[in-house]
Structure formats: C-alpha cells, structure tokens
There are 2 protein chains.
Amino acid sequence: MARIDELRLMTQVARMYYEQELRQPEIMKRLNLSQSTISRLLSRARESGIVRITVNVPSGTHPELEEALQERYRLKQCVVVESVDDEEQIIRELGEAAAFFVETTAGPGDVIGISSWSAALLAMVDAMHHGARGGARVLQILGGVGSPGAEVHATQLTRRLAHLLNGEATLLPAPGVVGSRKARDVLLEDRFVAEATRLFDQVTLALVGIGAVEPSRLLAESGNVFSKSELNTLGRHGAVGDICLHFFNEQGNPVATPLHDRVIGMSLEQLRRVGRVVGVAGGKRKTVAIKGALAGGWINILITDRNTAERLLKG
Amino acid sequence: MARIDELRLMTQVARMYYEQELRQPEIMKRLNLSQSTISRLLSRARESGIVRITVNVPSGTHPELEEALQERYRLKQCVVVESVDDEEQIIRELGEAAAFFVETTAGPGDVIGISSWSAALLAMVDAMHHGARGGARVLQILGGVGSPGAEVHATQLTRRLAHLLNGEATLLPAPGVVGSRKARDVLLEDRFVAEATRLFDQVTLALVGIGAVEPSRLLAESGNVFSKSELNTLGRHGAVGDICLHFFNEQGNPVATPLHDRVIGMSLEQLRRVGRVVGVAGGKRKTVAIKGALAGGWINILITDRNTAERLLKG
DNA sequence: GCCGCGCGTGAATCTTAATTCAAATGCGCA
DNA sequence: TGCGCATTTGAATTAAGATTCACGCGCGGC
C-alpha cells in the first residue's frame with residue numbers, strides 16, 4: 001500500500017545512517033521517528049536489498065579457502081597465505097603469518113608449547129617482532145633433534161620465542177629421539193626434563209611443525225636421526241607424516257612402531273587435550289602429511305599456503 | 001610490516017561479522033581477540049574499503065533531489081515523489097506522500113494546523129488511512145474560501161483529518177477572505193473564531209498548500225474570491241504565490257496589499273514560529289510560487305514532485 | 001455486530017558496539 | 001644511553017542499537 005512511501009523513507013534513513021553516518025538518535029530528532037522505528041527501518045532496508053554490504057577480499061588473502069578448510073576439517077581457525085614459487089619464500093610467509101597469529105592471539109595467560117624442529121617455526125620466530133603483549137610462558141615440547149649441537153638450536157628457538165614475547169622459557173634439555181625406551185625413561189627422570197614434561201598438560205597453545213615422512217632436508221642435515229631402515233618401517237606402516245616425531249598415516253591414525261617409545265616430547269594424545277594446536281606447514285611435499293594431521297584431528301588451527309590449501313580441499 | 005596479515009585478519013573478521021552475522025563477543029571467543037580489537041578491526045575494514053556499504057536507491061525515489069533541496073533551501077526535510085504526466089495524478093501522489101508523512105511523524109503531542117483550501121491537502125486526506133497513531137489535535141488555520149458552501153468543505157477537511165487521526169478538531173468557522181478589514185475584525189471576535197485563532201501559536205505541525213497567483217482552478221471554481229483587479233494588483237507588486245492567502249514575491253518577501261488585512265487565518269509570521277511547516281505542492285504551474293515560499297523560508301518541509309524539484313534546483 | 005487475532009507502535013529494557021582511559025612498549029632524538 | 005612521544009592494547013565505561021513488552025487498532029470470522 002504505502003509501498004513507495006515506505007521505500008522512500010527506508011532509503012532516506014539508510015542514507016542518513018550509512019552515508020552521512022548520523023546515529024539513530026540524531027535521525028530520530030530530524031525525522032520525528034522513534035529510535036525503534038529507525039532501527040526497524042534499517043533492518044528492513046538491509047533485508048530488502050536497499051542497503052548492500054559487501055566484503056571485498058583483498059588480493060593475497062584467501063578467506064574462502066580458510067573457511068572451506070575450517071569447515072572440512074573442523075578447524076577452529078585457518079590461515080592461508082599466498083603461494084609463491086620459491087619454497088623458501090613460502091616458509092618465510094608461513095612464518096610471518098604464524099608470528100602475527102601468535103602476537104595477536106597469545107596473551108599472558110597462555111602457556112605456549114613449541115615443537116622444535118621445524119623450518120616454519122624457525123621462520124616464525126625470525127619474523128616475530130619484539131614487544132608484543134607480554135608474559136606468556138614458553139615451553140619446549142620436543143627434545144632437540146639430531147646432533148647435540150642441533151639440540152642447542154632447539155632450546156635457542158624456545159628461548160628466543162620466550163624473549164620476544166617477554167615471557168619465561170621452560171626448556172626440555174634432552175634429545176628428541178633416543179636409542180631405546182630405557183634411555184628415554186632414564187632421561188625423563190632428569191630434574192629439568194621432568195619439570196618441562198610436567199607442564200605439558202598446562203599448554204594452552206601448541207605450535208607444531210608437520211613433518212613429511214620422506215626426510216626433510218632439515219632432519220637430514222641434523223644428522224639423520226632416523227636410519228634408512230627406520231624410515232622403511234614407517235613407510236611400510238603407511239606413515240605419511242609426524243607431529244613432534246609421532247607418526248600417523250594418511251587417515252590420521254598413529255603408526256605404532258618401536259620409535260614411539262624413544263621420543264622425548266609431547267605425545268599426540270597430550271596434544272589433543274590442548275586448546276589450540278597450531279600446525280604450520282606448506283608446500284607440495286608436505287601435503288599428505290598435513291592431510292593426515294588434519295584427518296587425525298591432531299591440530300585444530302592450520303597455517304598453510306594457497307596451493308597446499310587447494311590440494312587439501314581436492315582429495 | 002604486518003600489512004598482509006592485518007588485511008587477512010580484517011577480512012576474516014569482516015566476513016564473520018557481516019556475512020556470517022556473528023556478534024563481536026562470539027568472534028572474540030573464536031579468534032582470541034578482545035572485543036575492542038574486533039571493533040577497531042571492523043572500523044578499519046570499513047575505512048579501508050574492505051567492507052563496502054552501498055545504499056541502492058529504489059526507482060521512483062529521489063533522495064539526491066531531496067537532499068539537494070534540503071541543502072539549498074535550508075529545509076528540515078523534503079519528499080520528492082515521481083512525476084507523471086497527468087497533473088491530477090501528481091496531486092494524488094503528493095497527497096499520498098503527505099498522508100504517509102503525517103501518519104508516520106505526527107504524534108499525540110502535536111497540534112496540526114491545516115490550511116484549507118488546497119487540492120493537494122484534499123488528496124492527502126483522501127489518501128490517509130484511518131487508525132494511524134492517535135490523538136493529535138487538528139486545527140483549521142485558514143477560513144473557508146469562496147462561497148459559503150465551499151466554506152463547509154474546508155471545515156469538512158479539518159474534521160476528516162481529525163477523525164482519521166483519532167484526534168479532536170478545532171474549526172475556524174469563517175470565510176478565508178472577507179470584504180474589509182473591519183469585517184475581519186468583527187469576525188475575529190466571534191467566540192469560535194477566537195477559540196481557533198488563540199490556538200495558532202500552539203501549532204507544532206502546519207500543513208499548507210502553496211498557491212500560484214494565476215488563479216488555480218479550484219480557487220476559480222470556489223467562486224473567484226479575488227476579483228480581476230485584485231489579481232492585477234497582486235501581479236503588479238510581483239506576487240508569485242501564497243500560503244494561507246498571504247502573498248509573496250519571487251524573493252519570498254510578503255507583498256503588502258489591502259488584501260492582507262482581509263484574510264482570516266494564520267499569518268506568515270505566525271507560521272514562521274511553527275516547528276514544522278509542510279508545503280505540499282507540485283506541477284509546473286506552481287514552480288515559481290514554491291520558489292518564493294522556499295526563498296522566504298515560509299515552509300521548512302517540502303513535498304513535491306521530481307520535475308518540480310529539478311526546476312527548483314535549476315534557477 | 002462483537003470478539004479475538006495479528007500487526008505495528010513506542011517506551012523500556014537489554015544487548016551489542018564504540019570509546020575512553022591507563023598502562024606498557026618501541027622508537028626517535030638529544 | 002636515557003627521555004619523552006606516539007602507538008597500541010584490554011578493561012571499564014558509555015553510547016548506540018535491537019528487542020521485548022504491553023497496548024491500541026483494524027480486520028475477518030462467528
């Protein structure tokens with residue numbers, strides 16, 4: 001009935017509100033309408049399409065992929081960075097994104113567990129600014145990997161992160177893999193090691209790399225922790241990747257091998273109890289590993305690159 | 001620095017807020033950000049153009065013209081209806097728009113003055129629905145024009161409006177123009193006339209037609225209130241139009257003629273003290289008259305048609 | 001013709017969002 | 001190398017906006 005007049009009024013109010021940026025109380029005065037009426041007119045204007053709100057996706061960001069991954073793999077959050085040709089560069093991008101993520105979302109209440117050894121996590125620490133909001137405790141949740149020297153690198157990573165966040169570091173002064181279950185049990189009794197492992201179940205935010213089974217360069221360079229035969233065994237059991245040196249297959253199920261008992265670090269089960277587990281990984285080589293991690297639900301936040309994201313959504 | 005990451009975050013938050021329609025507290029939980037931060041990210045997303053809000057103007061409405069007229073003539077409000085070929089039809093449109101305007105913006109606190117005689121105001125009352133929000137007092141602010149019969153029409157208009165608004169009517173039982181100043185003074189002493197005129201300065205919303213000097217058909221039909229010579233006199237003084245039978249020239253200045261003292265109704269000065277004075281008029285013939293009314297500031301709300309609006313903006 | 005029913009309204013209320021404020025920090029500059 | 005300056009942040013506060021509620025009304029069924 002009063003169709004056209006209503007439209008006119010809706011339009012007028014919408015323009016005052018959205019274009020002239022007048023507040024509802026002001027419009028109320030000017031048009032002699034109650035604030036309720038204005039609010040209702042505005043919502044009808046939105047419904048009816050008189051007012052259109054669009055979110056323009058800036059190039060280089062991929063919210064659709066992020067949302068699709070979240071949906072598909074029940075993730076809490078997901079960050080997809082732009083892919084570039086150079087794999088090194090992708091790692092840097094991932095690191096920067098991860099750094100930003102941690103800087104913006106980690107607070108003084110958090111206990112951040114960081115799993116050495118991962119190129120992406122290293123890049124993250126490199127990209128991080130100092131003086132973000134302070135005070136998160138940083139905990140090393142995996143022993144150093146490879147030669148004793150590399151072990152030091154691992155603790156350095158933890159230390160640097162703690163320093164950058166103005167927080168306190170708790171180190172795990174032990175190798176990530178030892179020769180036998182027995183050796184591990186002995187090390188777990190070490191005072192400092194025990195101190196770190198006790199904190200495992202207080203972790204609120206875990207940062208983990210995702211390893212591909214085909215040995216990554218870094219692992220290799222760190223001294224070939226795993227022998228050829230060990231890798232073969234893993235391969236025969238269908239292992240596609242690892243988190244904290246705990247391996248899983250493409251479906252995400254843990255692969256039980258003797259290796260399991262030789263790792264000093266958080267177990268997958270412990271990880272699963274953590275509120276936010278952030279996996280940082282990208283690149284073609286890692287796709288299957290990431291898929292396994294996602295399928296097993298071992299991470300609930302993923303930071304990856306566009307191409308990998310697309311591959312993860314295809315299969 | 002963190003440029004791209006910021007963009008990503010802004011986009012993500014914007015999508016959650018505007019597309020998924022999550023509230024800020026919900027986003028806060030999901031993204032581990034404070035509500036303040038989310039609010040700030042959203043306003044930056046709007047500023048930076050990631051979020052774009054547009055108001056689509058429905059066809060048949062002309063907010064740009066309305067705003068231009070408001071700006072140019074210092075109006076409180078303005079309504080521009082679509083122009084059609086048929087002048088009768090325009091009057092009906094104006095009436096409907098005016099009816100809607102009164103229905104939506106007049107409340108129980110209002111004292112509505114209505115100036116008979118105007119085809120547009122007649123159309124307004126015809127278009128009005130019963131049962132709008134109630135209780136405004138309706139006051140006739142101009143005597144009946146023309147033959148004693150027409151006088152009755154005028155009071156009917158007032159009565160009908162009052163009835164439609166569930167309000168009380170106060171009539172002005174007198175002719176709009178009498179033969180002499182003396183005759184007017186006598187009539188002003190009439191008890192009922194005096195009752196009405198006493199209310200003039202309590203009017204909060206005046207509804208007036210705008211007359212062109214070239215006698216409108218209605219005036220003519222109502223019995224040629226003004227003689228040829230009177231019209232000539234007005235013409236010689238540059239009168240272009242009238243409100244409540246008070247004439248003004250193109251610049252809006254009142255035209256002082258003996259007619260002035262023979263009118264029974266609100267004066268322009270009284271009208272100027274009213275909070276909202278709504279002029280309802282359109283059509284080519286009336287353009288100059290409307291311009292005068294606007295120039296003189298005798299109305300502060302205008303309801304007109306598109307073509308007239310455009311003409312008013314040209315000169 | 002009278003009685004509910006549903007719609008639409010404004011005032012009050014409650015939710016949501018913006019802003020203020022104080023604290024903490026990096027940075028430029030002496 | 002220290003000293004403000006300008007940022008940036010979250011908690012608290014204030015402002016703004018959505019919704020609830022009660023009411024009044026027209027309208028259609030009985």
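Predicted, not measured: the structure shown is a model, and the values here were computed from it. Residue numbers start from 1 in every chain, and the chains themselves are labelled A, B, ... in the order their sequence lines are given, proteins ahead of strands. Only heavy atoms go into these numbers, but all of them, side chains included; no hydrogens, no water, no symmetry mates.
- For the OP1/OP2 pair of dT16(C) and a distance below 4.0 Å, the side-chain nitrogens and oxygens of Tyr17(B) include no atom meeting the criterion.
- A salt bridge links Asp126(B) with Arg160(B): the closest approach of a Lys/Arg side-chain nitrogen to an acidic carboxylate oxygen falls below 4.0 angstrom.
- Considering only the side chain of Gln35(A), dA18(D) comes nearest among dA17(C), dA18(D), dT20(C).
- Nucleotide dT8(D) holds its P atom 10 Å from the CZ atom of Arg40(B), rounded to whole Å.
- One can place OH of Tyr18(B) at 9 Å from P of dA17(C), the figure rounded to the nearest angstrom.
- Whole-Å rounding puts the Leu33(A) CG to dG8(C) P distance at 16 Å.
- Residue Gln24(B) has a polar side-chain atom (N or O) positioned under 4.0 Å from OP1 or OP2 of dA18(C).
- Contacts of Arg46(B) with the nucleic acid, taken as non-hydrogen atoms under 4.0 Å apart, involve only primed sugar atoms and P, OP1 or OP2.
- The CD-C1' distance, from Glu6(B) to dT9(D), rounds to 13 Å in whole Å.
- For the residue pair Ala97(A) and Arg8(B), the shortest heavy atom distance occurs at CB-NH2, 4.0 Å.
- Other residues, nucleotides and ligands contribute over 12 non-hydrogen atoms within 6.0 Å of the CZ atom of Arg72(A).
- For Ser36(A), whose side chain is taken as the heavy atoms from C-beta onward, the closest listed nucleotide among dG17(D), dG10(C), dA17(C) is dG10(C).
- Rounding to whole angstrom units, CD of residue Glu26(B) and P of dT15(C) are separated by 16 Å.
- As rounded to whole Å, 8 Å separates atom C1' of dC25(D) from atom CG of Asn166(B).
- The distance between atom CE of Met28(B) and atom C1' of dA18(C), rounded to the nearest whole Å, is 15 Å.
- For the pair Phe200(B)/Leu139(B), a side-chain contact is recorded, criterion being any heavy-atom separation below 4.5 Å from C-beta on.
- Taking atom CD of Glu47(A) as the reference point, atom P of dA18(D) lies 11 Å away to the nearest angstrom.
- Contact between the side-chain N/O atoms of Thr37(A) and the OP1/OP2 oxygens of dG10(C) is found at a separation under 4.0 Å.
- Among the heavy atoms of the strands, none lies under 4.0 Å from Ser43(B).
- An OP1 or OP2 oxygen of dA18(D) is reached within less than 4.0 angstrom by a side-chain nitrogen or oxygen of Ser39(A).
- In terms of phosphate contacts, Ser34(B) brings a side-chain nitrogen or oxygen within less than 4.0 Å of OP1 or OP2 of dG10(D).
- Checking the phosphate oxygens (OP1, OP2) of dG17(D), a side-chain nitrogen or oxygen of Arg23(A) falls inside 4.0 Å.
- The side-chain heavy atoms of Arg15(A) and Glu67(B), taken from C-beta on, include a pair separated by under 4.5 Å.
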